[in-house]
Amino acid sequence: MALQWMILTYVVAAEALLAILLTLPSPKLLKNRFVSLISLILQPCLFIVPFAGFQLLDIYWKNEHRLTCTSDICTATERDRFEKTTYKAQRNVILCAAAVILYWCLHRICKYHKDIQALEEVEKRYKDQ
């Protein structure tokens, strides 16, 4: 199970790095090439959305079927273990949400850049006429 969370962590880190690189100012030719490369990469990377959704369902199912430790019968170690699993579940929910949101942001940044490029081409055509 830890391997899935490690994969998701690396994907979120890569998405964040790509988002930073897309938003940094750079020369127009380099930016166009980089946006086209990221657009090509985004299509096969769509797997992250259902993967994160499945992980959220897994967290929900485990949360519903977890033994609660709220009474005085629980020992200190059981209470610590319960709190640790709760914190890990909250961290993993944030990780899943970040993966989906960053993917959407990358998609929108690339789409906006392509729209701006198309509008610049139309403006250039009208100026040439």
* Drop me the distance from Asn63's CG to Gln90's CD, to the nearest 0.5 angstrom. => 9.0 Å

* Asked: Got a salt bridge between Lys84 and Asp80, using NZ or NE/NH1/NH2 to carboxylate O under 4.0 Å?
  -> no

* **Check: Ser39 and Val35 side chains under 4.5 Å, non-hydrogen atoms** => yes

* Lys/Arg N to Asp/Glu carboxylate O, Lys127 vs Glu123, below 4.0 Å -> yes

* **Value rounded to 0.5 Å, distance of CD in Glu15 from CH2 in Trp104** => 13.5 Å

* Ile20 reachable from Leu30 in the ILVMFWY side-chain graph, under 4.5 Å edges -> no

* Asked: Say you draw a straight line from CG of Leu8 to CD of Gln55; how long is it, rounded to the nearest 0.5 Å?
  -> 6.5 Å

* Asked: If you measure from the Lys or Arg side-chain nitrogens to the Asp or Glu carboxylate oxygens, is any gap between Asp128 and Lys124 under 4.0 Å?
  -> no

* **Counterpart residues, side chain to side chain contact (heavy atoms under 4.5 Å, CB included), relative to Ala89 (two or more places apart)** => Ile59, Arg66

* Asked: Can you hop from Val11 to Leu21 via hydrophobic side chains spaced under 4.5 Å?
  -> yes

* Pairwise distance SG(Cys110) to CG(Asp115) - rounded to 0.5 angstrom -> 11.0 Å

* **Transitive ILVMFWY side-chain link Val49 to Leu42, under 4.5 Å** => yes

* Residues sharing Val122's hydrophobic cluster, by side-chain heavy-atom contacts under 4.5 Å among ILVMFWY, directly or via others? -> Tyr126

* Structure fact -> Taken to the nearest 0.5 Å, the spacing of Lys111 NZ from Ile116 CD1 works out to 11.0 Å

* To do: Determine whether Tyr60 and Glu64 make a side-chain contact, defined as any pair of heavy atoms from C-beta on separated by less than 4.5 Å.
  => yes

* Side-chain contact, heavy-atom cut-off 4.5 Å: Lys88 with Trp5? -> no

* To do: Check the hydrophobic clustering (I, L, V, M, F, W, Y; side-chain heavy atoms under 4.5 Å; chains of links allowed) and say if Ile7 and Leu46 are grouped together.
  => yes

* Asked: Is there a path of hydrophobic side-chain contacts, each under 4.5 Å between heavy atoms of I, L, V, M, F, W or Y residues, that connects Met6 with Val100?
  -> no

* Asked: Can a salt bridge be assigned to the pair Lys28 and Glu120 using a cut-off of 4.0 Å between side-chain N and carboxylate O?
  -> yes

* Expected output: side-chain Tyr103 to main-chain Cys45 donor-acceptor under 3.5 Å -> no

* May I ask you to list the residues sharing a hydrophobic cluster with Ile41, side-chain cutoff 4.5 Å, ordered by chain and number? => Leu37

* Asked: So is Arg91 actually on top of Tyr87's ring, under 6.0 Å and inside 45° of the axis?
  -> no

* State whether the side chain of Asp58 and the backbone N or O of Phe54 hold a donor-acceptor pair below 3.5 Å, judged by distance alone. => no

* Expected output: side-chain His113 to main-chain Ile109 donor-acceptor under 3.5 Å -> no

* Straight-line distance of Leu29 CG to Phe34 CZ, nearest 0.5 Å -> 13.5 Å

* Between Lys31 and Leu22, is there a donor-acceptor pair closer than 3.5 Å when you use the side chain of the first and the backbone of the second? -> yes

